[in-house]
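All chains are named by letter (A, B, ...) in the order of the sequence lines, taking the proteins before the strands, and each is independently numbered beginning at 1.
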There are 2 protein chains.
Amino acid sequence: MDGGRRGAEGQQGQRPVAASPLRRQTVTAMVADHIAGKIIGGEYPGGHQIRQEAIAAELGVSRIPVREALLQLEADGLVVIRTHRGAVVSELSAEDAVDLFEARLQLEPFLVGKAIERVSDGGIAEVETSMRAYERAIARGDDPKELSRLNWAFHTALLEPAGRPRSMAVVQTLFNSADRYLRLQIEPAKAQAKALREHRELFEAFRRRDAAETARLLTRHIADAAGEIVAQLRHEAAG
Amino acid sequence: MDGGRRGAEGQQGQRPVAASPLRRQTVTAMVADHIAGKIIGGEYPGGHQIRQEAIAAELGVSRIPVREALLQLEADGLVVIRTHRGAVVSELSAEDAVDLFEARLQLEPFLVGKAIERVSDGGIAEVETSMRAYERAIARGDDPKELSRLNWAFHTALLEPAGRPRSMAVVQTLFNSADRYLRLQIEPAKAQAKALREHRELFEAFRRRDAAETARLLTRHIADAAGEIVAQLRHEAAG
DNA sequence: TATTGTAAGATTGGATCCAATTCAGTTTGG
DNA sequence: CCAAACTGAATTGGATCCAATCTTACAATA
């Protein structure tokens, strides 16, 4: 969800402790997180015009960090900037969704295979941890934004052991660009139960270090989500 | 090579013609192109510190557009920015090269397959055009930067008909990040002859709309380049 | 009426100036 | 003699102000 924004050096310990434990955060990074949150949370829908002055006033900063934040968000695929016309929350056509998901389908199964080749027991434990966190969040009925974050954390845990940071960054961007549309699909209880079951199957195969099976499950997992999102987008476009 | 920088609305007709044909270019875009050129051309080697003030003075602009240009270049993978520490031309380890090229190996053969499904006769003609432009440039002995640009134009022509702009953007970024290291490999006459032969084979298979063969050739083409670059990087790291 | 031209307001792009952080060299205390 | 603390310049991050561009509404003309 974060996209690797720099500036935050760790958790943000809210309280003003003495000898403040490194809560250094550049204003640009704060603004970027703020806007990204609104977009991912659906508060700024696709097509929404983002006015620099409005954001600046809202956060009590100047327009400079807002502009630089928008540039980063454009790199993450969340907004589109046109010269002298400002930033608009990027919209996703059905074709774009197919585009993004098929790219993920090429990359993620491959990466998970590499991950299984190299993963340590600790890495497997981390996958289990993030899976359980996701399950707990569903049980608690957490909001979609949090669910999305944890869903992505699970995917990250699966792929991270591959040791391919550049590919991971690409996959992250692809995910970010479609993320908020997945939110609609992940809400219904039925879809949640399905995602949960698929995550468990994935983890089981991963734990057994069964590369072929894991790749197959991951492919199906992504393709399923893609199918539903594309159907939804086509439906919206028609209606 | 461009990465889709905005601001240029067409060719830049140098002369100050009456009714100037839309030579509008934002300063940020100019600066970004300038720095990108230096990096790709090898003038700024990996690890080189980029000082905002120096660039600003050199181009006679303020530091604001320089900073924003650097943000765009970071998205293109050409520089790395660390808070309060400025931008450094990104370096490529052998592991990074493997990372980048294997990602391309997942995406490009897939995309060329899609391209063949959908390509028109005009699209095939464009591939031939860009291939011939590359051949002429080699015959003329053009500089490595120009060769790199034309090599990429050929790849673009092969993949563009797939109609997958998001995937294309990803591939472009992956290419940009390794591009300038390929320069070293592309210079020797022997390597040039090989690249040229492979391009011809690719075009032939593409023209026949032989998806399987084209994908196979493209895979080998990319893998070959990857192998040489990785070997070179390992050599440098050792020596 | 449809189209073109024009002017005012809104909005973004860029320059200049100030603040915060980093870094290199030096000093100080052990 | 070395490590830690300090001091200054160098450098980046951010605020304020000005310029360039776009948008919208309205008027003029065919």
Between [X] and [N], is there a contact of a side-chain N or O with OP1 or OP2 at under 4.0 Å?
X: Arg51(B); N: dA10(D); result: no
X: Thr83(B); N: dT21(C); result: no
X: Gln49(B); N: dT11(D); result: no

Does the base of dG13(D) carry an N or O that pairs as donor and acceptor with the side chain of Arg85(B) under 3.5 Å?
no
Is a donor-acceptor pair below 3.5 Å formed from side chain Arg63(A) to base dG14(C), judging by atom type as modelled?
no
Taking side chain as C-beta onward, heavy atoms only, is [X] less than 4.5 Å from [Y]?
X: Glu95(B); Y: Asp99(B); result: no
X: Arg166(B); Y: Ser177(A); result: yes
X: Ile50(B); Y: His48(B); result: yes

What is the separation between atom [atom1] on [X] and atom [atom2] on [N], rounded to the nearest whole Å?
X: Glu53(B); N: dC17(C); atom1: CD; atom2: P; answer: 12 Å
X: Arg82(A); N: dG13(C); atom1: CZ; atom2: P; answer: 12 Å
X: Glu68(A); N: dT12(D); atom1: CD; atom2: C1'; answer: 10 Å
X: Ile81(B); N: dT21(C); atom1: CD1; atom2: P; answer: 19 Å
X: Gln52(B); N: dA10(D); atom1: CD; atom2: C1'; answer: 12 Å
X: Gln25(B); N: dG13(C); atom1: CD; atom2: P; answer: 14 Å
X: Arg67(B); N: dT21(C); atom1: CZ; atom2: C1'; answer: 13 Å
X: Gln72(B); N: dG13(C); atom1: CD; atom2: P; answer: 10 Å

Side chain of His84(B) only, please: which of dA20(D), dT21(C), dG14(C) is the nearest?
dT21(C)
Pick the nucleotide of DNA chain C nearest each of Gly86(A) and Ile64(A); which residue has the one closer to the 5' end?
Gly86(A)
Under 4.0 Å between any heavy atoms, over every strand shown, what does Leu70(B) touch: base, sugar-phosphate, or nothing? Just pick one.
nothing
Whether Asp142(A) and Arg140(A) form a salt bridge (side-chain N of Lys/Arg under 4.0 Å from carboxylate O of Asp/Glu) is what I want to check.
yes
Are Lys38(A) and Glu58(A) ion-paired here, with the side-chain N under 4.0 Å from a carboxylate O?
yes
